[in-house]
Amino acid sequence: MGQLILCKTKRAENPFFVESGKVNIYSLEELMYYVQSASFVTRDDFQNNEFIEWVRQELQLSELADILQKKLDEEVGLKDFFIPLEAANGYLTTSEIQILNLQLQKFDHLTGLEAKKLYADHFLSLGQMILAIQAYRQILDNMDFVKKEQEHVLGDIWNNLGVAYALLWDFHEAGRCLIQAYRFNHRAESLKMAVDAACLGGNENGLQELKRLFQANEQSIEREQKQVQDLLQQTTDQHSLSERKKLLQQWQKNYLKMIEG
């Protein structure tokens, strides 16, 4: 059952659309409820002229809009920007406001891309792989370009998308994503996991492609390949088919648990 929110301030005829949360807001009370319960909030969501004009025109709160405009001009943080909004309605208690301010302070330095990644990471941490994949794909599908200083974040999005596929035992797609991850974040862990995924999926072409793409890392790729293949070979040489299968499945589970962390 949904929660009833009693609105004491004016309800807007036209809502404000929060892009990162894909939600429409019609009042200050709904705004506070959303921000309090959201997995993340970013400066890009609210610290802009569009939101301030919505407060001015739709909520007819000109004085509040003037204060927010001043805050925007002063380039304050997310927490300080929300203080006038918190004071303008009585939806939250004092203790809830204190908790909210701590949350806002935590998100204050996140870019929009980082916040969206955090949202998708939340599904991954809960083991909801399909939702995580959908969230990561939505980020990637709706991104026109990324600044140079944000490429490592893009790489980590590809990395975690690869992890999600690996946790579904789709090692071919996991390897493809991890290659993209290493292109952008240059993390040794991403390259290592790409090799592991190729070995686990029996993708010899994928291993050759890794060596071709990252020739400077060929020795480290071959070392990781040998280590994984030796481990897989041990299960082949020492046990019956049924036992080998059990051991391989257990090793795969341990591997997946490791890359999830």
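Throughout, residue positions are numbered sequentially from 1 according to the sequence presented.
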With a cut-off of 3.5 Å and sequence neighbours excluded, list every side-chain donor-acceptor pair involving residues 96-107.
unit_1 : atom_1 : unit_2 : atom_2 : d
Glu96  : OE1    : Thr93  : N      : 2.9
Glu96  : OE1    : Thr93  : OG1    : 3.4
Asn101 : ND2    : Ile97  : O      : 3.4

Show me the pairs that pass salt bridge (charged side-chain N to carboxylate O under 4.0 Å, His left out) and involve residues 151-165, at least two apart or across chains.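 Pairs touching residues 151-165 that pass the test: Lys148-Glu151, Asp156-Arg187.
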
Suppose the criterion is salt bridge (charged side-chain N to carboxylate O under 4.0 Å, His left out): which pairs have a residue in residues 163-173, not counting sequence neighbours?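 Those involving residues 163-173 are Arg137-Glu173, Glu173-Arg176.
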
Salt bridge (Lys or Arg N to Asp or Glu O under 4.0 Å) partners for [X], two or more places apart:
X	value
Arg183	none
Asp66	Arg56
Asp230	Lys226
Asp121	Lys117

Which residues pass the side chain to side chain contact (heavy atoms under 4.5 Å, CB included) test with Ala132, not counting sequence neighbours?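 Ala132 satisfies side chain to side chain contact (heavy atoms under 4.5 Å, CB included) with Phe123, Leu124, Tyr136 only.
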
For Gln219, which residues count as a side chain to side chain contact (heavy atoms under 4.5 Å, CB included) partner, sequence neighbours excluded?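 Partners of Gln219 by the side chain to side chain contact (heavy atoms under 4.5 Å, CB included) criterion, ordered by chain and then number, come out as Arg223.
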
Side-chain donor-acceptor pair present, Gln134, Gln138, cut-off under 3.5 Å: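 Gln138 and Gln134 do not have a side-chain donor-acceptor pair below 3.5 Å.
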
ILVMFWY cluster membership beyond Leu210 - transitive side-chain contacts under 4.5 angstrom: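 The other cluster members (ILVMFWY side chains, heavy atoms under 4.5 Å, direct or chained) are Ile179, Tyr182, Leu191, Val195, Leu207, Leu213, Phe214, Ile221.
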
Contacts under 3.5 angstrom, residues 69-77 side chains, donor-acceptor by atom type, not counting sequence neighbours:
unit_1 : atom_1 : unit_2 : atom_2 : d
Gln69  : NE2    : Asp73  : OD1    : 3.1

Between Asn48 (side chain only) and Phe51 (backbone N and O only), is there a donor and an acceptor less than 3.5 Å apart?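 Yes, Asn48 side chain to Phe51 backbone: donor-acceptor pair under 3.5 Å.
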
So, using side-chain hydrogen bond (donor to acceptor under 3.5 Å, both in side chains) as the criterion, who are the partners of Asn14 when residues are at least two apart?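 Residues passing side-chain hydrogen bond (donor to acceptor under 3.5 Å, both in side chains) with Asn14: Glu58.
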
